[in-house]
Amino acid sequence: MSRKIITGGTVVTADGSYEADILIEDEKVVAVGRNLPHDDAETVDASGKLVMPGFIDGHTHMDMPFGGTMTADDWATGTAAALAGGTTTIVDFSLQDVEGTLAGAIETWHGKAAGKALIDYGFHVAITNLTEEIKAEIPSLAERGVSSIKIFMAYKGTPLYTEDDDLFEAMQIAKEAGVLVMVHAENGDVIAKLQEQALARGDTAPKFHALTRPEEVEAEATNRAIQLAEVAEAPLLVVHVSCAAALEPIHRAHELGQTVYAETCPQYFVFSVADLAKDGFEGAKYVCSPPLREKWNREPLWRGLQIGDLHIFGSDHCSFNYEGQKELGADDFTKIPNGCPGAEERAMTLWTHGVGRGKVSENQFVALLSTNQAKVHGVYPRKGALIPGADADIVLWDPALETTASVANRHGNVDYTPYEGMSFTGGPSEVYVRGNLAYKNGEIIAEHGSGRFIERKFDHPTI
Ligand code: URP
Ligand code: ZN
Ligand code: ZN
């Protein structure tokens with residue numbers, strides 16, 4: 001049996017911060033406290049560090065076909081980026097083949113992750129073709145350890161786009177099956193019309209990506225999804241909330257006692273429409289959906305995090321190279337593949353701009369990145385907690401660590417980073433996955449394939 005004791009640090013959980021040691025046996029935390037007897041255990045000195053449960057990123061797209069191309073990060077490079085940001089578990093979107101089954105999507109994703117993943121992982125299924133057969137298949141997801149599906153109200157003209165009647169019926173079925181419905185909430189019909197009109201005017205530059213996806217189309221779809229979920233009496237997770245207008249129906253739902261979980265992402269706190277309007281084709285590097293917004297939205301988003309309207313902070317890591325991929329839309333912004341890398345920068349962004357500026361506490365930081373993620377995504381308390389019996393997924397967070405992002409020091413496989421030149425204060429110095437040192441001071445130590453599939457079960461958490 002291997003034994004380690006992490007000593008001398010401050011344990012930071014979602015509930016509080018305190019001085020304690022953590023005793024690990026093999027892959028599990030076995031004790032948390034002071035003066036723990038630890039005879040033969042290897043000592044890990046965490047002096048000056050904050051000791052946190054490993055971060056969970058419930059929103060990544062590794063090795064996924066999208067926008068006519070494949071995301072740039074596969075399971076080796078994508079999990080390296082996540083791990084370098086302190087993430088020990090991701091929940092990735094297995095994308096249904098248009099003619100395929102949900103089981104097929106899960107099998108394909110098992111194949112992609114096997115032998116490559118450096119950290120633990122689970123899968124959602126992203127629905128591309130919600131036929132009667134697929135609806136009938138939803139209840140079988142739970143037995144495959146998959147507890148969530150994503151349905152797209154946007155991307156009209158692609159198989160992802162789903163009509164309201166199908167979305168509503170899926171909510172009814174999912175509710176009975178114990179599966180959580182996640183929505184990409186943007187009004188696909190209105191976006192398609194605005195895009196058509198923009199192109200007809202000759203407005204082809206990246207900035208028109210945002211101008212054809214105004215806040216109202218996100219707010220309208222968010223409200224519609226919430227109302228449909230209320231009629232279906234189903235819990236709902238609204239992902240990648242980008243703006244104040246979309247927060248309003250979420251806040252209202254919470255006041256009325258409806259179960260609506262909500263996620264936001266780092267890009268909405270540090271980038272804006274101004275980045276999309278950068279000279280030449282540079283703006284393509286910032287094309288993601290929902291799009292980047294006017295800066296004034298950031299304060300309402302911070303408030304949403306503070307008061308618990310936004311429960312989780314996911315990366316929506318969906319990386320495409322500038323060369324050959326973003327460039328697909330050089331003459332037509334609708335052809336720029338949607339998505340940005342961010343798994344590596346997620347926690348550092350939240351720490352620097354959130355904790356560092358007094359917007360959220362260190363305990364809220366842990367809740368948003370780890371504990372709430374574990375609850376919403378059905379892996380709590382195995383993950384997201386530092387208690388006896390939990391997996392020993394642990395981040396030693398150095399609040400004084402100074403880093404500057406550059407494509408040269410990123411761990412993913414993308415030819416640019418939207419975070420180029422951005423400085424962070426605070427970052428992970430050591431990361432343990434199930435008791436094993438996986439990352440230290442910029443260096444990946446975990447072996448490819450050491451990440452393990454984690455079965456998830458949605459159990460209606462109250463957050
Ligand atoms: O632009 C984004 N967000 N790309 C990834 C796909 C999605 O909608 O999450
Ligand atoms: Zn989406
Ligand atoms: Zn996404």
Side-chain angles (χ1 to χ4, degrees), residues 57-73 78 81-82 90-96 105 109 122-128 148-162 167 180-188 191-192 195 206 209-210 212-213 217-218 221-222 225 236-243 246 261-269 271 273 275-276 283-293 312-322 325-326 328-329 333-343 346 373 376-377 412 414 418:
D57 189 348
H59 195 147
T60 63
H61 303 273
M62 307 302 180
D63 200 6
M64 188 186 86
F66 196 64
T69 185
M70 271 327 250
T71 55
D73 279 301
I90 58 171
V91 190
D92 195 80
F93 289 93
S94 63
L95 191 77
Q96 178 202 358
W109 251 252
F123 304 134
H124 316 283
V125 182
I127 307 271
T128 59
S148 43
I149 54 176
K150 182 176 178 189
I151 299 186
F152 295 84
M153 301 167 83
Y155 303 125
K156 193 174 185 190
T158 78
L160 294 164
Y161 173 76
T162 303
L167 169 61
L180 177 63
V181 172
M182 313 163 77
V183 278
H184 179 127
E186 287 184 294
N187 185 315
I191 292 167
Q195 288 180 333
H209 174 72
T212 54
R213 304 177 97 96
V217 303
E218 184 184 345
T222 303
L236 181 71
L237 168 54
V238 184
V239 294
H240 45 43
V241 176
S242 75
C243 59
Y261 306 108
E263 175 205 64
T264 190
C265 309
Q267 55 270 30
Y268 302 119
F269 293 81
F271 305 122
V273 282
D275 292 295
L276 278 162
K285 295 178 176 175
Y286 302 88
V287 166
C288 61
S289 293
L292 302 174
R293 303 299 188 185
I312 51 179
F313 198 80
S315 70
D316 197 2
H317 183 93
C318 188
S319 58
F320 298 101
N321 287 317
Y322 179 76
Q325 293 195 297
K326 291 288 186 182
L328 291 168
F333 70 91
T334 67
K335 296 199 167 58
I336 301 170
N338 287 199
C340 298
R346 177 178 70 122
Q373 297 264 2
V376 170
H377 294 300
V414 200

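Since the model is a prediction, treat every value here as computed from it, not as a measurement. We're numbering straight along the sequence, starting at 1. When reading the values below, keep in mind they use all heavy atoms of this one structure, side chains included, and skip hydrogens, waters and symmetry mates. Atoms within a ligand are numbered from 1 in the order they appear, just like the ligands themselves.
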Say you draw a straight line from CD of Glu186 to OG of Ser242; how long is it, rounded to the nearest 0.5 Å?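 If we round to the nearest 0.5 Å, Glu186:CD and Ser242:OG are 7.0 Å apart.
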Determine whether Arg293 and Cys243 satisfy the following criterion, side chain to side chain contact (heavy atoms under 4.5 Å, CB included), listing intermediate values before the conclusion. CA-CA 7 Å; Arg293 303 299 188 185; Cys243 59; 3.9 Å; yes
Check the orientation of His59 and His61. Use parallel for under 30°, tilted for 30 to 60°, and perpendicular for over 60°.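 Ring orientation of His59 relative to His61: perpendicular.
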With a 3.5 Å cut-off and no angle check, do the side chains of His317 and Asp73 form a donor-acceptor pair?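 Yes, side-chain donor-acceptor contact under 3.5 Å.
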Ligand 1 atoms in contact with Asp316 (distance to a heavy atom under 4.0 Å): 2 (C), 3 (N), 5 (C), 9 (O)
Hey, mind stepping through Thr222 and Val241 against side chain to side chain contact (heavy atoms under 4.5 Å, CB included) and telling me if it holds? CA-CA 9 Å; Thr222 303; Val241 176; 5.8 Å; no
To the nearest 0.5 Å, atom CD of Gln96 lies from atom CH2 of Trp109 at 11.0 Å
Taking 4.0 Å as the limit for heavy-atom contacts, which would you say applies to Lys150 with ligand 1: side chain only, backbone only, both, or neither?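 The answer is the side chain of Lys150.
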Location of contacts on Asn338 toward ligand 1, heavy atoms closer than 4.0 Å: both
Measure from NZ or CZ of Lys326 to the centre of the six-membered ring of Phe320, then state whether that distance is under 6.0 Å and the direction lies within 45° of the axis. no
Within ligand 1, which atoms have a heavy atom of His240 less than 4.0 Å away?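 Here the atoms of ligand 1 in question are 8 (O), 9 (O).
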Applying a 4.0 Å heavy-atom criterion (strictly less than), which segment of Cys288 is in contact with ligand 1: side chain, backbone, both, or neither? both
Should Tyr261 and Val238 be marked as a side chain to side chain contact (heavy atoms under 4.5 Å, CB included) after you check the CA-CA gap, both sets of side-chain angles, and the distance that decides it? CA-CA 6 Å; Tyr261 306 108; Val238 184; over 6 Å; no
Which residue and non-hydrogen atom of the protein lie closest to atom 1 (O) of ligand 1, and at what distance in Å? Ser289 N, 2.8 Å
Atom indices of ligand 1, in the order listed, that fall short of 4.0 Å to a heavy atom of Phe66: 4 (N), 6 (C)
In ligand 1, which numbered atoms sit nearer than 4.0 Å to a non-hydrogen atom of Phe152?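 With Phe152 as reference, the close atoms of ligand 1 come out as 8 (O).
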If only protein N, O or S atoms under 2.8 Å count, total around the Zn ion (ligand 3): 3
Any luck finding a side-chain donor-acceptor pair between Gln195 and Thr334 under 3.5 Å?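 Gln195 vs Thr334: no donor-acceptor pair found between side chains.
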Quick one: does ligand 1 sit under 4.0 Å from the side chain of Phe93, the backbone, both or neither, non-hydrogen atoms only?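 Neither; nothing of Phe93 gets under 4.0 Å from ligand 1.
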Is the Phe66-Phe93 ring centre distance short of 6.0 angstrom? no
